[in-house]
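Values in this document were obtained by computation on a predicted structure and should not be read as measured data. For ligands, and for the atoms within them, numbers begin at 1 and follow the listed sequence.
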Amino acid sequence: MSFTILPRSAWTDTAPGFARFPSRRLDPNVVRTVAPHYPADGPVTYGPEPTLAQSAARLRAYRNYHVNHLGWADIGYPMAVDQAGRIFTCAGLSFAGAHSASPSFADANYRVTAVLFILGNNERPSAKAIAAFRNLCRWMKDNRYPNLATRPVDHGNLRGASTSCAGPEIRRLIPTGGMDIPAGKVTAPAATATGDRAHTVKAGETLSAIAAQYSVSVGTLATANNLANPNLLQVGQKLTIPGGETAKPSAPKPSAPADSYADKTSWPERPIQQRLNDQLWEDNAYDNTKFALVEALRRAGYGTESVTPWGRLQQISRWLRGRHGMRGPETQVEIWKRFQTFLKSVDRYAGAIDGIPGPQTTRGIFGWLNDIRPAYL
Ligand SMILES: [Zn+2]
């Protein structure tokens with residue numbers, strides 16, 4: 001009995017993104033819920049047997065959308081399963097992902113882990129996908145999040161959520177217990193692509209030594225081989241070494257921006273600063289920044305081209321501080337990055353409509369900003 005958790009490298013060569021933000025490191029004990037998601041790709045049918053290449057391409061597309069459109073640090077989902085029963089490591093399980101937070105459940109991504117079903121909107125999850133999901137949940141409970149509740153809660157039923165995710169089929173299935181974390185041993189999904197290896201136990205070997213030899217966790221090894229007592233190994237016993245392993249994600253390269261704010265420990269208001277940084281990456285984070293920009297422009301009586309981008313940035317910062325009590329260099333850096341990205345997207349939008357750059361376009365941008373300003377600002 002074994003199943004494979006494909007590593008992140010199965011679908012992307014990008015580095016995990018949330019690891020750049022130390023405050024996003026999860027406390028495994030507070031993760032108590034697993035939430036299935038679906039991608040809301042619309043009325044498409046992906047079919048029962050996607051190839052690895054097809055599923056990998058979809059994950060890359062979701063990551064691209066999350067990073068380049070929503071402005072998140074990485075694909076929002078920690079893990080994913082496809083209809084063929086493959087299990088993918090996406091953003092991974094060490095850091096809080098994105099996608100589950102709402103205004104009334106702002107730390108949802110810290111308390112709820114998420115598994116994406118790569119499905120069309122009305123596609124029914126296959127038996128293999130459900131088996132993969134349940135195996136993964138069992139594995140997470142045994143190896144990562146000991147307090148996971150047995151019954152998942154789909155995204156739309158999380159507190160404060162307003163979404164049809166994870167779709168009607170999963171939502172129908174959950175109350176039946178059909179997606180519960182299985183008790184005891186997990187069952188293997190049929191015919192997953194594996195890179196499994198075999199090991200024959202030699203005299204004097206311990207499970208932990210074997211695990212270390214293959215860079216897998218003891219828990220994974222015990223689970224994969226259905227070992228009730230990991231201390232009882234017999235010479236000559238054959239062990240399956242799972243090929244794709246997520247227990248030891250390759251050490252994320254430290255990619256903190258090389259700026260003068262690297263020394264965060266000297267910061268007196270770190271909790272506030274953390275809150276803002278975290279908030280900026282949450283579901284609504286990009287929008288919050290966008291709304292903040294709109295609000296800053298509105299209050300500044302925008303439309304006057306004499307307001308420089310830097311001036312607007314300062315307006316945003318002042319507004320954020322005034323409203324949220326947030327301040328600090330990290331915050332400024334983040335806001336500035338957001339602002340630049342946002343302006344580029346606005347430029348592209350306005351340029352496509354007007355066909356000409358310049359003051360007219362700029363006025364168009366301001367008009368558009370006003371149009372998207374939510375009523376509550
Ligand atoms: Zn969702």
Side-chain angles (χ1 to χ4, degrees), residues 11 17-18 24 26 31-46 50 55 58-83 86-93 95-126 129-130 132-134 136-137 140 145 148-149 151-175 178-181 278-288:
W11 63 275
F18 295 114
R24 294 194 75 95
L26 286 173
V31 178
R32 292 170 185 270
T33 309
V34 55
H37 291 245
Y38 77 163
D41 281 343
V44 291
T45 303
Y46 291 137
S55 293
R58 279 170 202 138
L59 291 175
R60 284 194 296 275
Y62 304 140
R63 180 184 177 279
N64 182 49
Y65 180 75
H66 291 174
V67 171
N68 296 319
H69 183 79
L70 298 179
W72 295 345
D74 198 355
I75 188 171
Y77 312 109
M79 305 294 291
V81 297
D82 75 3
Q83 289 286 68
R86 297 184 191 90
I87 304 172
F88 292 89
T89 304
C90 296
L93 296 168
F95 292 84
H99 233 306
S100 296
S102 66
S104 60
F105 194 0
D107 61 348
N109 293 313
Y110 292 77
R111 299 181 177 277
V112 180
T113 191
V115 178
L116 171 73
F117 280 77
I118 306 175
L119 282 178
N121 275 16
N122 293 305
E123 232 167 343
R124 187 167 294 210
S126 69
I130 293 168
F133 172 82
R134 298 180 74 200
L136 171 61
C137 292
M140 288 194 291
Y145 309 135
L148 269 191
R151 184 149 299 174
V153 179
D154 68 278
H155 182 187
N157 279 310
L158 293 177
R159 175 158 46 88
S162 169
T163 171
S164 60
C165 182
E169 292 298 337
I170 288 174
R171 199 166 281 185
R172 179 187 59 75
L173 195 54
I174 286 176
M179 294 182 71
D180 284 2
I181 299 179
D278 293 340
Q279 186 183 334
L280 282 168
W281 291 111
E282 296 301 340
D283 254 2
N284 300 305
Y286 180 79
D287 284 347
N288 284 347

Minimum side-chain heavy-atom gap D41-Y46 below 4.5 Å: yes
Looking at H37, which of its N, O or S atoms is the nearest one to the Zn ion (ligand 1)? ND1
Atom name, H155 (N, O or S, nearest to the Zn ion (ligand 1)): ND1
Are a donor atom and an acceptor atom from the side chains of H37 and S100 found within less than 3.5 Å of each other? yes
Pair Y77 and H66, ring centroids less than 6.0 Å apart: yes
N/O/S of C165 less than 2.8 Å from the Zn ion (ligand 1)? yes
All salt bridge (Lys or Arg N to Asp or Glu O under 4.0 Å) counterparts of R151, not counting sequence neighbours: D180
